[in-house]
Participant: 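My structure is below; once you've seen it, I'll send some questions.
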Amino acid sequence: MNDLDSHDSIRAVLWRGDRLRLLDQRKLPFVEDYIDCTTAAQVAQAIRDLVVRGAPAIGISAAWGVVLAAQRGRDAVDAALPMLRAARPTAVNLMWALDRMQRRITEGADAPALEREAQQIQDEDLAANRHMGELGASLLGESVGVMTHCNTGSLATAGYGTALGVIRAGVGGGRISRVFAGETRPWLQGARLTMWELMRDGIPATLVSDSAAAHLMKSGQVQWVVVGADRIAANGDVANKIGTYQLAISARHHGVRFMVVAPASTVDMATVSGDDIEIEMRDSSELLAHSGQRTVVDGAVAWNPVFDVTPAGLIDAIVTERGVIEKPDASRMQAMFG
Ligand code: MRU
């Protein structure tokens, strides 16, 4: 624990007994609006539309979606499970949370028991993040500069965050003296969400365009890149927000170290390597327009993969709540998660 823990005030996924309240991340940073979901279909829609996003937060929300369905009966549950599972393909936390709820259903759990299970998933995520924060911060060294990508904070999790949890702990413990956040085109999770979280929690940070990353690393201001993950394969390959791979290449070229921070629920030992991970493709309008206003000439097309895979060989450390894997590979992954 450190002083900055008390600043971890943001909660994006709020259970209200008969509805799930989600902070609408499409509207941040200027509008703090919540939407209430009373059905699993609404939760699935909110996941698809990025009202709620970030691998752990998606999984937690899906678990609450199952509870909403269970309150309506068995048929609703049977319809909800495949619908929620299909909401987004890359973050395995979604499938992990649904598998866990499904196991409880198979055991005969009723709606109150499923509610307790979903709450446990949420509570465990927060506890994992706090633990990973300390583990990751202990690797950093003294007075370092860090760069992060996308949003991996309280908005993307049950609270505190994964990579952003390491940054919280590192700043709180005096190990980090500079934080840089990449803007994360096209959806701007870094600019809109990470900068908002850091400012709100009193952590000074500097925004850079994604294309400034190599130049920033060359300048010597950054010693670590710290990112989250959407799925970690059995050989240590990591799927994360598009742009992560080029950060890892650039980091290796400049002697900057590269840390991935994710709970065990992001590890998918059934996926042999990153090549087997489905990369979500989103609508080209996310690239061709900004805030609903077209920015590219009519008739132009765009290619919009929203995740990429960083090979294990470019990663210095994977931090989970179970411990740290340095220089990850299949045998080290197997030793911790087999
Ligand atoms: O498309 P998003 O915003 O859901 O993508 C989120 C990311 O890629 C995060 O880096 C990842 O989920 C880790 S969040 C703790």
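Remember, it's 1-based here, ligands and their atoms both numbered in the order they're listed.
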Participant: Polar pairs, ligand 1 vs protein, N/O only, below 3.5 Å.
Facilitator:
unit_1	atom_1	unit_2	atom_2	d
ligand 1	1 (O)	Arg88	NH1	3.4
ligand 1	1 (O)	Arg88	NH2	2.8
ligand 1	1 (O)	Lys241	NZ	2.7
ligand 1	3 (O)	Arg53	NE	2.8
ligand 1	3 (O)	Arg53	NH2	3.3
ligand 1	3 (O)	Gln189	NE2	2.9
ligand 1	4 (O)	Gly54	N	3.0
ligand 1	4 (O)	Arg88	NH1	2.8
ligand 1	8 (O)	Asp230	OD1	2.7
ligand 1	8 (O)	Asn240	OD1	3.3
ligand 1	8 (O)	Lys241	N	3.3
ligand 1	10 (O)	Asn240	OD1	2.7
ligand 1	12 (O)	Ala55	N	2.9
ligand 1	12 (O)	Asp230	OD1	3.3
ligand 1	12 (O)	Asp230	OD2	2.9

Participant: Let me confirm one number: the CZ-OG1 distance from Phe180 to Thr194, rounded to the nearest 0.5 Å.
Facilitator: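 One finds 15.0 Å between CZ of Phe180 and OG1 of Thr194.
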Participant: How long is the gap from CE on Met269 to CE on Met333, to the nearest 0.5 Å?
Facilitator: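 Taking CE in Met269 and CE in Met333, the distance rounds to 5.5 Å.
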Participant: Take Ser219 and Gln221 through the side-chain hydrogen bond (donor to acceptor under 3.5 Å, both in side chains) test and state the conclusion after the steps.
Facilitator: CA-CA 6 Å; Ser219 78; Gln221 298 180 78; 3.0 Å; yes
Participant: Going by atom types alone, do Gln246 and Ser250 pair a side-chain donor with an acceptor below 3.5 Å?
Facilitator: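 There is no such pair (donor and acceptor under 3.5 Å, judged by atom type) between the side chains of Gln246 and Ser250.
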Participant: Evaluate salt bridge (Lys or Arg N to Asp or Glu O under 4.0 Å) for Glu183 paired with Arg185, printing each intermediate quantity in order.
Facilitator: CA-CA 6 Å; Glu183 61 177 351; Arg185 288 274 295 148; 5.2 Å; no
Participant: Tell me, please, whether Trp15 has Arg21 positioned over its six-membered ring: NZ or CZ under 6.0 Å from the ring centre and within 45 degrees of its axis?
Facilitator: no
